[in-house]
Amino acid sequence: MGSGVSSAVVWESMFADACVDEESNWHPGPCEFSVRYGTPVCAEGETPRPPRWRRFQIPPSTTWSEWEQADYGSCAGAAVVPVLTAEDFRRLPLPAPILNVQPNGDWVLTKIETIVYTDPTPVTLTTEVMGFPVTVEATPSRFTYAWGDGHSTVTRDPGRPHPAFDVFHEYEELGHVAITLTTEWSGRYQVAGDPQWREVTGTATTTATSHTFEVQERTARLVSETCDQNPDAPGCEGWHPSEARS
């Protein structure tokens, strides 16, 4: 079964004076030698802020980049909260939920339930919008299963493994198929320094596709042993041990 996971870039910001050392290298304050850019002079009613600095790390690495100066200081009036747009949301490296298929073998039977399920756990990512660190919580909200035979199912139920039959499909035709799961994500976000969580206006999607398997038709026969006991018995071709039905 296939799914991909990418790591988000983690950003960290701070406000500090811009300092220059004896070798003319710039770094965030407090300053030991001299200050080139400090807190600006602002109009009445505005709040002065020193230059903003930022750095990043790319998980799983825990090493931060060097601090880089993002601006030269600013004057803040009424609080302006940047908006995480639907386009921003879709650019995030959302991990496609794993598509689980039961039975998990090389074949399934016609007119017998093929069960699917996935993991609906929300994921948390960190990004940056207009220079502000933003925490994003993305939640799988709708699942579309394309069964590979021209039929599809749309549901908000992530399903459960056997013996539950929450989400399943019965194949009518013989052949080779693969199942594709398209997951629709909804999201909310929180800008650093703002306690309020805000909804993302729009959704994002990810896809995961199973391996190709064969839809077969079997004829019932009376036998003295199970396929687990004798995998070479008539009707047991392609059978995997009991873990195939777990």
J.: Check residues 168-182 and write down every donor-acceptor pair under 3.5 Å in which the side-chain atom is one partner and the other belongs to a residue at least two apart or another chain.
T.:
from	atom 1	to	atom 2	distance (Å)
His169	NE2	Asp149	OD2	2.8
Tyr171	OH	Trp147	O	2.8
Thr180	OG1	Thr209	OG1	3.2

J.: Say you draw a straight line from CH2 of Trp53 to CH2 of Trp67; how long is it, rounded to the nearest 0.5 Å?
T.: 10.0 Å
J.: Between Thr139 (side chain) and Ser141 (backbone), is there a donor-acceptor pair under 3.5 Å?
T.: no
J.: For a quick test of reading the model, state the closest non-hydrogen atom pair linking Gln69 to Pro51 and the distance between them.
T.: NE2-CB, 3.8 Å
J.: Any non-hydrogen side-chain atom of Asn104 less than 4.5 Å from a side-chain atom of Phe213?
T.: no
J.: Considering residues, nucleotides and ligands other than Glu66, do more than 12 of their heavy atoms fall under 6.0 Å from its CD?
T.: no
J.: Look at the side-chain heavy atoms of Ile, Leu, Val, Met, Phe, Trp and Tyr, link any pair under 4.5 Å apart, and say whether Ile115 and Val167 land in one connected group.
T.: no
J.: State the OG1-CG distance between Thr183 and Leu94, to the nearest 0.5 angstrom.
T.: 10.0 Å
J.: Which pair of non-hydrogen atoms, one from Pro97 and one from Ala208, has the smallest distance, and what is that distance?
T.: O-CB, 3.7 Å
J.: Distance from Trp64 atom CH2 to Gln57 atom CD, nearest 0.5 Å?
T.: 4.0 Å
J.: Stepwise, does the side chain to side chain contact (heavy atoms under 4.5 Å, CB included) test hold for Val136 with Thr127?
T.: CA-CA 8 Å; Val136 183; Thr127 187; 4.1 Å; yes
J.: Heavy atoms only: give me the nearest Pro82-Phe132 pair and the separation to one decimal.
T.: CG-CD1, 3.9 Å
J.: Would you compute the distance between atom OH of Tyr145 and atom OH of Tyr117 and round it to the nearest 0.5 angstrom?
T.: 10.0 Å
J.: Examine the side chains of Thr155 and Asp157 and answer whether a donor and an acceptor come within less than 3.5 Å of each other.
T.: no
J.: Can you see which heavy atom on Cys31 is nearest to which on Asp17, and at what distance?
T.: SG-CB, 4.0 Å
J.: Work out which heavy atom in Ala86 is nearest to a heavy atom in Gly202; give both atom names and the distance.
T.: CB-CA, 4.0 Å
J.: In terms of hydrophobic clustering (I, L, V, M, F, W, Y; side-chain heavy atoms under 4.5 Å; direct or indirect links), are Val83 and Leu125 co-clustered?
T.: yes
J.: Report the distance from atom OH of Tyr189 to atom OG1 of Thr85, rounding to the nearest 0.5 Å.
T.: 9.0 Å
J.: Calculate, to the nearest 0.5 Å, the distance between atoms CZ and OG1 belonging to Phe89 and Thr201 respectively.
T.: 11.0 Å
J.: Would you sort out whether Arg90 and Val200 count as a side chain to side chain contact (heavy atoms under 4.5 Å, CB included), showing the intermediate values?
T.: CA-CA 10 Å; Arg90 294 178 188 126; Val200 177; over 6 Å; no
J.: Please step through side chain to side chain contact (heavy atoms under 4.5 Å, CB included) for the pair Val215 and Trp107, ending with a clear verdict.
T.: CA-CA 6 Å; Val215 180; Trp107 56 271; over 6 Å; no
J.: Do Phe143 and Pro158 make a side-chain contact, defined as non-hydrogen atoms from C-beta onward lying under 4.5 Å apart?
T.: yes
J.: State, to 0.1 Å, how close Leu99 and Ser210 come at their nearest heavy-atom pair, and which atoms those are.
T.: CD2-N, 3.7 Å
J.: Pairs in or reaching into residues 134-144: which pass salt bridge (charged side-chain N to carboxylate O under 4.0 Å, His left out), with residues at least two apart or in two chains?
T.: Glu137-Arg188, Arg142-Glu184
J.: Under the criterion side-chain contact (heavy atoms from CB on, under 4.5 Å), which of Val154, Thr207, Thr153 is the partner of Thr144?
T.: Val154
J.: Applying salt bridge (charged side-chain N to carboxylate O under 4.0 Å, His left out), which residue pairs with at least one partner in residues 197-215 are found, sequence neighbours left out?
T.: Asp194-Arg198
J.: Going by atom types only, do Trp185 and Thr206 share a side-chain donor-acceptor pair under 3.5 Å?
T.: yes
J.: Could you please spell out the steps behind the side chain to side chain contact (heavy atoms under 4.5 Å, CB included) verdict for Asn100 and Val116?
T.: CA-CA 6 Å; Asn100 299 283; Val116 292; over 6 Å; no
J.: Could you check whether Glu128 pairs with Arg54 (Lys NZ or Arg NE/NH1/NH2 to Asp/Glu carboxylate O, under 4.0 Å)?
T.: yes
